[in-house]
Every structure is written in C-alpha cells, then in structure tokens.
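A short write-up of the structure that comes next.
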Amino acid sequence: MKYNKSLIATLREDPKEAESKSHRILLRGGFIRQLASGIHTYLPLGWRILLKISSIIREEMDRIGGQELLMPALSPKELWEESGRWNEYGDDMFRLTDRKERDYCLCPTHEEIVADIARNKIRSYRDLPQIWYQIQTKFRDEPRPRFGVLRSRQFIMKDSYSLDSDEQGLDKSFNLHKDAYMKIFNRCGLDFVIVEASGGLMGTGESKEFMALVDGGEDQLAMCEQCDYRANIQIAECKGEHKSFADTAVEEVATPEKRTVEEVTQFLNVSPQNLVKSMFFTAPNKEPVLILIRGDYEIREETITTLLGHDYGPATAEEIKRHFGAEPGFIGPVGIQDLNIYADELLHDAKGMITGANRDGYHIKGLNIGRDVQIKEFANLRKMKIGDRCIKCGGKMVAQTALELGHIFKLGTKYSISLGANFLDEKGQEKPIIMGSYGIGLERIMACACEQKGDERGAAWPISLAPYDIYVAILNPLDKDVTQLSDEVTQLLTEAGFSTIIDDRNVSAGIKFNDSDLIGIPIRVTVGPKGVKNNLVDIFIRETDERFDVAKSEIVAKCSDIKDMLYRRINGH
RNA sequence: CGGGGCGUGGCGCAGUGGUUUAGCGCGCAUGGUUCGGGACCAUGAGGUCGUGGGUUCAAAUCCCACCGCCCCGACCA
C-alpha cells in the first residue's frame with residue numbers, strides 16, 4: 001500500500017469535537033470520520049482494524065461451534081410486538097414506515113429474529129444445542145451519543161445466540177462464550193475484567209460484562225480490595241450498617257422549603273443516616289409503589305427492574321401531588337394505605353427516623369418503621385457507596401471507571417415463550433427453547449486499544465489489530481539509490497508475508513515519522529540516504545521505542561523476530 | 001429532556017455594526033531550492049460567514065426563530 005495514493009488523511013491539529021483520548025486518536029489518525037452525531041465512516045485504516053478484530057472474533061466463535069449467518073438490519077414491527085419490545089424500546093429504536101405504511105425498525109439487537117428462525121427450524125431436542133452468530137451493524141437512537149465511536153447510534157456488533165433444551169445446556173453455552181470472549185479480548189491485547197452485570201432490557205437472568213479498565217470510561221465498576229468480587233456499580237451489592245435512633249412518638253416538624261436530603265439535614269442539624277427518602281414509582285397500567293431508602297444512599301435501579309419490572313420509573317411531580325397531597329420532597333410513608341411499600345433492608349427496625357409528612361413544608365420526626373409503616377417487603381435496594389463493605393468478604397469497596405466491551409446474558413425463555421419458539425423433548429413434550437444472548441462491540445475494541453495503548457504521539461496498535469505490520473518510510477523518494485533500496489526492502493517484506501504501508505510522499509522526514517507514530521503501525525523501517533550507502537535500514541518498534549540498524553540481508557529475520565516478540569507480549573497476559 | 005459552549009474555504013482559528021474585493025496559520029495546486037523528527041521561495045485556486053426572518057442607509061457582527069455539533073447531567077445494550 002502506497003501512502004501517496006491512499007485515503008489516509010491525518011490531521012495536524014486536534015479536531016475540536018474530540019475530547020476523549022481514543023476519539024482524538026481515531027480522528028487525527030484518519031481512522032474514522034464523523035458524518036452526523038453518533039454516525040461514522042470507517043476510513044480504510046480504521047476498517048482494516050475492524051476487519052482484524054472481526055477475524056479474531058470469527059475464529060474464536062467458530063472454535064466453540066458457532067455458525068455465522070447474517071440477519072437483516074430492517075425488521076417488521078410485528079415480531080417486536082410479539083415480544084413486547086416494540087413498546088419497551090421506546091425512543092431508542094429507529095423506526096420507519098414503508099410506502100405501504102407498514103412499520104419497521106432498524107434492529108437494535110436480534111433476539112426476535114433469532115426466535116423467529118428458531119420457531120421455524122427447530123423442532124426437536126435433537127436439533128439442539130445451537131449457537132448462531134453474526135457480525136452486523138446495529139442501530140440505536142441513543143439519547144446522547146458521545147466519545148466518538150464509543151457510544152454511537154450506528155455500530156458494529158458481534159451478536160450471538162445460543163439455543164438449548166435445558167438449563168445445563170444454557171450453562172454450557174454461556175461458559176463457552178465466556179471462554180471465547182476471554183480469548184478474543186486477550187488476543188486483541190486488551191486489559192479487562194469480568195464483572196457481574198445487569199440485564200437491562202434483555203431480561204433478568206445471569207449476566208456478565210467484560211470491562212476494560214480505562215480512565216474516563218462510561219461505566220463504573222465496584223471492586224473489592226480484598227477478594228475478587230467485581231460488579232457494575234449499578235448492581236453492586238454491599239453490606240451496610242444498621243442505624244437506629246431514639247424511639248419517640250411521631251411528631252411533625254416545620255421544614256419550610258427544605259426538600260432535599262442535604263437541605264433537611266442541615267436545617268435540622270442531623271446526619272443523612274437519620275432520614276428516610278420516599279420515592280414514588282409508577283408504571284403504565286400498573287399499581288404504583290413507594291420505595292424507602294435511608295438518606296445516605298441512592299436507589300439501586302436494578303432492584304426496581306428485578307423487583308417490579310422495567311416499565312417502572314420515578315413518578316412525575318404531578319403524580320406525586322395527586323397521590324400524596326404534597327410536593328416532592330415532603331412525601332412520606334406514614335398514613336399511606338393504598339400503596340405497596342418496599343423498604344431497604346437497612347431500615348428494618350429503624351427508629352427515630354425523619355421523613356416527609358405528606359404536607360408541604362413539614363417533615364416528621366420519630367418515625368419507627370416497624371410501628372408506623374406497613375412494609376410489604378424489605379430488600380437490598382440501595383446503590384453501593386465507595387467505602388461500603390464487600391458482600392462476599394467484608395473488604396472495602398472501591399470504584400473504577402471502565403468501558404464495556406462485551407456482555408453475555410442468560411435469556412432463558414423470555415423470547416422463546418413470547419414468540420412461540422418450542423421444541424419436542426425426549427418424551428414428546430413441547431417446551432420453550434432456552435436462549436442466551438452475547439454481544440461484543442467491535443468499535444469499542446478499537447477505541448479501547450487506543451485508550452489503553454495509545455500515547456501523546458497517537459495510536460500504538462497491538463500487532464494483532466494493526467492495520468499494517470510495517471511502515472516503510474522512504475526519506476527521500478527522489479533519490480534513485482534510496483528508492484531502489486526501498487523497493488527491494490518492500491519486496492522482501494511482502495514476500496515474507498508482512499503487510500506494509502509505504503510512505504513514498506515527497507515530504508520532510510519529520511512528517512513521516514510523526515504520521516507513522518500517529519497511525520500506530522507496530523514496526524517502522526526507515527530507508528534513507530544515510531543508510532543507503534551501506535545497505536542499512538533503521539528499524540523502530542512503536543510500542544517499546546527500540547531502534548536498530550539492520551543490514552538488508554537481515555531485515556526479514558529481524559522483522560519476524562520483532563513480530564513474534566510483539567505477539568508474545570500479547571499472549572503473556 | 002435540563003444546563004453550558006460552538007457554528008466564518010478541507011482543518012484549526014481571528015474578526016462581534018461602517019477602510020467598500022472577509023483575514024491568519026496549516027493544508028491544496030504549479031514551478032524551483034531542499035531532504036534522518038512537522039523545511040524554504042515564488043505564484044495561484046478555494047468562503048451563499050449554519051438556515052430563515054427582522055432591525056438599519058449599512059449585518060459575519062444587533063434581535064427572533066429554527067437546524068446542526070460538542071461537553072456536563074438525566075437516560076442507556
């Protein structure tokens with residue numbers, strides 16, 4: 001590949017829209033180009049990286065028996081109505097209408113389509129298990145695309161689906177994927193951890209996320225300092241301390257305009273632990289509920305989903321006023337008869353608490369949960385705070401930002417039941433297929449490699465992902481001796497199986513060096529007038545900053561050694 | 001959706017009512033001199049100043065509306 005005629009366009013200055021490290025590198029290096037918010041072109045360099053990633057994924061998916069297929073990106077509404085997700089997905093789903101006024105979506109994921117294939121093709125337990133996968137473009141109308149390719153509205157995903165006849169089969173498929181994913185991310189040269197995760201819209205079964213530790217990632221991980229407990233902070237559980245105060249009678253106290261925990265604690269000169277937050281949750285066509293959390297905690301929304309279902313959300317101020325006769329900030333559980341009340345387990349037996357009085361401008365003191373409130377269920381409803389104790393070992397919990405690379409779910413029968421994807425078991429009984437769903441974000445692997453391996457000079461691709469193995473810098477392409485040597489060198493390297501990009505531009509040396517650093521090609525071979533007299537070239541390793549003078553006859557051997565060394569570094573994980 | 005910022009040749013920016021042809025750096029084109037960490041000289045091409053409306057003798061510049069993009073938050077496989 002000759003640079004001179006290529007569609008490689010590096011930018012001399014940082015594009016102003018890029019703030020995160022990976023976004024800056026990808027844009028400056030000419031790997032991607034934005035077309036609209038959250039929508040990108042993958043330019044030749046970026047696309048070659050994505051192709052490298054794809055082939056690693058293919059190899060590992062094929063190794064666990066996955067069969068590649070390609071489902072359409074466009075899907076009719078009916079399938080999504082069968083599963084209920086036509087409504088559940090809401091504004092995150094791109095929708096469109098055809099000329100006959102039929103509704104379609106651009107698929108954000110493909111469980112429905114898989115279930116549809118399965119209900120037609122799978123008849124018997126003898127047809128199971130199956131693993132189907134595709135590498136395909138997904139569409140999600142994210143409320144806020146950001147960080148370039150990290151959260152975008154159109155992105156490439158490897159999604160696979162397992163079909164099994166029983167739970168043991170699902171466990172096996174799940175673990176096969178877990179192992180394959182570890183191999184994939186290791187081969188891509190990334191540092192990652194596996195954490196407990198939330199299923200979100202996918203379902204409520206077991207799920208794990210593959211998280212890359214990066215500064216400024218979108219997700220937060222909760223990690224125990226002592227043991228190996230790691231979880232997405234959204235679902236991390238923790239041990240908390242029970243607190244109780246003096247057991248007194250309920251008493252109203254004026255708290256004019258004091259609505260938030262902070263305002264009330266300051267006004268009454270108490271600690272947040274002394275407060276009970278009352279949160280009103282509603283869902284369309286379902287009974288609203290009241291959730292009680294101690295003042296020093298936030299609600300763990302995952303619990304709402306698992307406890308109540310994900311159509312529940314915080315009520316509007318209007319709904320609160322209508323139900324409680326008071327404004328948000330002044331509502332409480334006392335005297336509430338018509339609602340199911342759930343309380344965090346730390347409030348069990350709590351006495352002498354402060355909460356809203358259901359009267360504007362007033363709170364009540366002396367709340368005794370056991371005495372004054374009818375609790376339907378106590379549960380762990382609170383979000384972990386840094387410094388809480390580990391649920392497993394009691395160690396101290398810390399937080400770290402991370403980037404989600406992949407996610408594996410045990411779906412169970414959610415989609416097979418709603419879409420009627422059944423099979424006949426050994427006894428001739430009809431049963432729903434047990435499904436799993438597994439995703440990897442390809443662009444995220446690319447961006448993550450920039451975050452973890454890149455530096456102020458630009459990208460430094462792991463050899464397994466690099467768009468080219470070797471950057472041949474021709475320092476003076478007008479010098480016949482130099483071009484003759486570089487032609488010979490390039491031919492030797494190509495014949496030895498290296499992919500090369502040849503910088504034959506008639507520009508100054510500094511530009512070539514800087515571009516090769518920015519583009520992040522692992523090995524650079526410099527052919528210039530200095531070495532040409534002695535048939536010497538300069539070989540430079542981007543990742544380690546090592547430099548060697550090498551005779552023409554040794555170039556291929558040296559580059560092979562370096563390539564092997566770079567692969568060993570990756571596998572040394 | 002709330003808060004903040006930005007929109008001027010390909011990129012980064014200046015200009016914020018009146019030297020009538022809107023500037024600067026980079027890039028691009030042509031010719032020449034250079035050539036080991038972002039060279040130099042000369043000549044040249046390229047802009048409905050996001051869009052629409054308004055104010056004014058006069059608008060990139062002031063006012064209104066809309067659109068787009070970025071950041072923080074909300075939300076989120």
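Note that the structure is a prediction, hence the values are computed from the model and not measured. Chain A is the first sequence line, chain B the second, and so forth, proteins listed ahead of strands; every chain is numbered from 1. Side chains included, hydrogens not; waters and symmetry mates left out as well; all remaining heavy atoms used.
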For a quick check of understanding: with a heavy-atom distance under 4.0 Å over all strands, which category does [X] fall into, base, sugar-phosphate or nothing?
| X | answer |
| --- | --- |
| A:Arg444 | base |
| A:Tyr438 | nothing |
| A:Ala18 | nothing |
| A:Glu404 | base |
| A:Arg547 | base |
| A:Leu475 | base |

I want to check one thing: is the phosphate of [N], taken as OP1 and OP2, less than 4.0 Å away from some side-chain N or O of [X]?
| X | N | answer |
| --- | --- | --- |
| A:Gln234 | B:C76 | no |
| A:Arg28 | B:G38 | no |
| A:Ser508 | B:G37 | no |
| A:Arg146 | B:C69 | no |

Using the P atom as the reference point in each nucleotide, state the distance between B:G36 and B:U16 in Å, no decimals.
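Per the computed distance, 43 Å lies between those P atoms.
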
Taking [atom1] from [X] and [atom2] from [N], how many angstroms apart are they, rounded to a whole number?
| X | N | atom1 | atom2 | answer |
| --- | --- | --- | --- | --- |
| A:Asp479 | B:G36 | CG | C1' | 13 Å |
| A:Asn506 | B:C35 | CG | C1' | 8 Å |
| A:Ile299 | B:C75 | CD1 | C1' | 16 Å |
| A:Arg524 | B:G36 | CZ | P | 14 Å |
| A:Asp503 | B:G36 | CG | P | 14 Å |
| A:Asp538 | B:G37 | CG | P | 11 Å |
| A:Leu478 | B:G31 | CG | P | 13 Å |

Ion pair present between [X] and [Y], side-chain N to carboxylate O less than 4.0 angstrom?
| X | Y | answer |
| --- | --- | --- |
| A:Glu68 | A:Arg58 | yes |
| A:Glu218 | A:Arg146 | yes |
| A:Asp538 | A:Arg547 | yes |
| A:Arg505 | A:Asp515 | yes |
| A:Glu111 | A:Arg85 | yes |

[X] side-chain proximity, nearest of [options]:
| X | options | answer |
| --- | --- | --- |
| A:Arg144 | B:G73, B:A77, B:C26 | B:G73 |
| A:Glu17 | B:G12, B:G36, B:C72 | B:G12 |
| A:Lys16 | B:G38, B:C75, B:C6 | B:C6 |
| A:Phe513 | B:G36, B:C26, B:C71 | B:G36 |
| A:Pro143 | B:C69, B:A74, B:A77 | B:A74 |
| A:Asn476 | B:C71, B:A77, B:C35 | B:C35 |
| A:Gln34 | B:G37, B:A77, B:C70 | B:C70 |

At less than 3.5 Å, do the side-chain atoms of [X] and the base atoms of [N] form a donor-acceptor pair?
| X | N | value |
| --- | --- | --- |
| A:Glu13 | B:G25 | yes |
| A:Asp14 | B:G12 | no |
| A:Arg151 | B:C76 | yes |

So that I know where these two stand, are A:Phe210 and A:His407 an aromatic pair - ring centroids less than 6.0 Å apart?
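Here the rings of A:His407 and A:Phe210 have centres that are no less than 6.0 Å from each other.
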
Tell me the partner of B:G27, counting only Watson-Crick (N1-N3 plus N6-O4 or O6-N4) or G-U wobble (N1-O2 and O6-N3) with both under 3.5 Å; none if nothing fits.
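Pairing partner: none.
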
Given RNA chain B, 5'-ward residue of the pair A:Leu536 and A:Ile440, judged by closest heavy atom
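First, find each residue's nearest nucleotide; the 5'-ward one identifies A:Leu536.
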
Map A:Gly439 and A:Arg505 onto RNA chain B by nearest heavy atom, then report which one ends up closer to the 5' terminus.
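The 5'-side residue here is A:Arg505.
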
Do side-chain atoms of A:Tyr468 reach the backbone of A:Leu45 as a donor and acceptor pair under 3.5 angstrom?
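Not confirmed, A:Tyr468 side chain does not pair with A:Leu45 backbone.
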
